[in-house]
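Chain letters run A, B, ... following the sequence lines, proteins first, then strands; residues in each count from 1. The analysis underlying the following values was restricted to heavy atoms, covering all of them including side chains, and did not include hydrogens, waters or symmetry mates.
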Amino acid sequence: MRFAYYPGCSLHSMEKAYDRSVKAVCKHLGVELWEIPDWVCCGASSGHSMGHLVGLAIPAKSLVKAEKEGLDVLAPCAACWQRMVWVNHEVSHNPEMKEKISKAIEEEIKGTSKIYSIIDGLAAIGMEKIAQAVKKPLTGLKVASYYGCYYVKPPKVAHVDDPENPQLMDNMMKAIGAEAVDWPFKTECCGTSLIFQDVDTTVAMSKKIIEMAVKAGADVIVTACPVCEMNLDMRMTQINKRFKTNFHIPVVYFTELMAFAMGSTPREIGLDSGHCSGTQSLLSKIS
Amino acid sequence: MSSIVNLSVQQREHGDLIDRVFAECGVDVRRCYQCGKCSAGCSVHICNGMDVSPNRVMRMIQLGMEEEVLNTKSIWACVLCSTCTARCPRDIDVPRVMDALRIMAKKRGITKGFYNASVFHDIFMNSIIRHGRVYEAGLLVSLKLKQSGTMFADLPIGIPAIINVAFRLPKLPPKMKNQDQIRKVVENCMRIEGEN
Ligand code: SF4
Ligand code: SF4
């Protein structure tokens, strides 16, 4: 399998642990990644508020490069993924908009490249194949899979999995030997970029999610989105101060656990240093 | 917002608001029957991030309360999580309506509903137009300088987290072969929208 890889800004900046672990998992599973040359930002979270066309044309600029290469896209950031999915949605439903986007990017966009998230991209490989690649099963580790909103809502456009109770990430956690805890806030919103505008509201939103995962008995929360990761991981101390709580649950990318189970070292994928919440307790449990 | 609204005046003067929202985003807010399901699941609203609940925003459009709705914090605070859209029994894409209202407010220079959000979007767009990709360090500095009351809002993340973030954050702008790609796309979009 070969994908056009669209890492997006976060994975090249703060969230290198995601970039590295995605690449590591793909390598373990024999998936080849071709990084879209000179890709640009997808425009989230502001392009679409400037105008409908701007919001579509900016992600189309990078998407069209994958189309020309004849490859489907793998976009591990939920926001990037959804912006690109919207482009294909409009291109296939609205001929007038298709023409406008093509004019704006000065190239014809056809909508021929499917956009995979890292969740359905890896799940498509099959749970058996994932299980076969495991060298160190994470037996006994209780994992709360947190999907966030952008992969599953609105379901007409973003349908990686069920909008209220998705399962794919849970299944992958089971495939690497971990225990998937059943919990209700899998797709509750973390607040996304509201963190740059209204910190009080956003930490209250993130707190609800962390609290529920802890109540469900999880040892670790795994995410598939850099914004979710940042809001849950980086704000733990702030949440504890504000709500007089005492949460110390690590928040990492699900691909980090997969890569680790498949033989990567924590250092190779950033599992040791790429998070604020501290992963020592997690590492001592799985090492 | 005043608590008494003269509906006859609203309808006479702004009765076409619902049509203009439709023209902007293709969502027909007439369909909303005010069940409130959107608000019941809206995490931003539940955590007190909105001044008017999402279903009330829909109602204000139906009633032609144009000035009031364009001045709300809610139209900017919506994070487009689409939980409401997933659950709306009338198939209304609430965040697309919110986006349409932002675009309308922006065109008229109304940003006081949620100044820090409007500043964020401006700075974000300027950053990617200039660099082609997000330059987070530069973005953060500009935000702190221009927003009101957020200068120290991130300090409570604690010293270990601040050190970790400072370590991970790239200090220099992203390197690209052609960093003017977004600038060109945005200019083209403005021209195309102007032609219509
Ligand atoms: S859920 Fe839909 S119909 Fe119900 S109040 Fe909200 S927008 Fe209106
Ligand atoms: S899309 Fe906006 S209005 Fe709807 S639930 Fe999310 S934040 Fe609330």
[X] vs [Y] side-chain heavy atoms within contact, under 4.5 Å:
| X | Y | result |
| --- | --- | --- |
| T150(B) | Q197(A) | no |
| K208(A) | C47(B) | yes |
| C41(A) | I182(B) | yes |
| T85(B) | K153(A) | no |
| T192(A) | C81(B) | no |
| R235(A) | D154(B) | yes |
| N116(B) | D198(A) | no |

Taking every non-hydrogen pair under 4.5 Å, which of [options] racks up the most with chain B?
| options | value |
| --- | --- |
| H48(A), M50(A), K241(A), K103(A) | H48(A) |
| K16(A), K156(A), Q82(A) | K156(A) |
| K207(A), M230(A), E188(A), E106(A) | E106(A) |
| G55(A), G43(A), G148(A) | G43(A) |
| R242(A), E15(A), E164(A) | E164(A) |

Give the C-alpha distance, both sets of side-chain angles, the deciding distance and a yes or no for side-chain contact (heavy atoms from CB on, under 4.5 Å) between I105(A) and V185(B). CA-CA 6 Å; I105(A) 60 173; V185(B) 170; 4.3 Å; yes
Candidate pair I58(A) and V186(B), rule side-chain contact (heavy atoms from CB on, under 4.5 Å), full reasoning: CA-CA 8 Å; I58(A) 294 176; V186(B) 171; 4.2 Å; yes
Enter the distance from [X]:[atom1] to [Y]:[atom2] here, rounded to the nearest 0.5 Å.
| X | Y | atom1 | atom2 | value |
| --- | --- | --- | --- | --- |
| L194(A) | S43(B) | CG | OG | 10.0 Å |
| S49(A) | M125(B) | OG | CE | 9.5 Å |
| Q181(B) | S62(A) | CD | OG | 7.0 Å |

Full working for side-chain contact (heavy atoms from CB on, under 4.5 Å) between R168(B) and C276(A): CA-CA 10 Å; R168(B) 278 152 67 196; C276(A) 300; 3.9 Å; yes
Just checking heavy atoms, which of residues 8-21 of chain B are less than 4.5 Å from chain A? none
Between the side chain of [X] and the main-chain N/O of [Y], is any donor-acceptor distance below 3.5 Å?
| X | Y | result |
| --- | --- | --- |
| D38(A) | N178(B) | yes |
| R133(B) | W39(A) | yes |
| N164(B) | S273(A) | yes |
| Q238(A) | A153(B) | yes |

With a sphere of 6.0 Å drawn around CD1 of I159(B), does it hold more than 12 non-hydrogen atoms of other residues, nucleotides or ligands? no
Just wondering, more than 12 heavy atoms not from K175(B) lying within 6.0 Å of its NZ? no
Can you tell me which of [options] forms the most heavy-atom pairs within a distance under 4.5 Å of chain A?
| options | result |
| --- | --- |
| M50(B), K107(B), Q179(B), R87(B) | R87(B) |
| L139(B), D91(B), I163(B), I162(B) | D91(B) |
| C84(B), P160(B), G132(B) | G132(B) |
| M98(B), M176(B), R102(B), K106(B) | M176(B) |
| G158(B), P170(B), A161(B) | P170(B) |
| N48(B), L143(B), V165(B) | V165(B) |

Heavy-atom closest pair, residues [X] and [Y]:
| X | Y | value |
| --- | --- | --- |
| S46(A) | F120(B) | OG-CE2, 3.7 Å |
| L53(A) | C189(B) | CG-SG, 3.7 Å |
| G191(A) | V79(B) | O-CG1, 3.4 Å |
| I103(B) | H52(A) | CD1-N, 4.2 Å |

With only heavy atoms counted, which part of F196(A) is less than 4.5 Å from chain B, the side chain, the backbone, both or neither? both
Pick one of side chain, backbone, both or neither for A79(A), based on which atoms fall under 4.5 Å of a heavy atom in chain B. neither
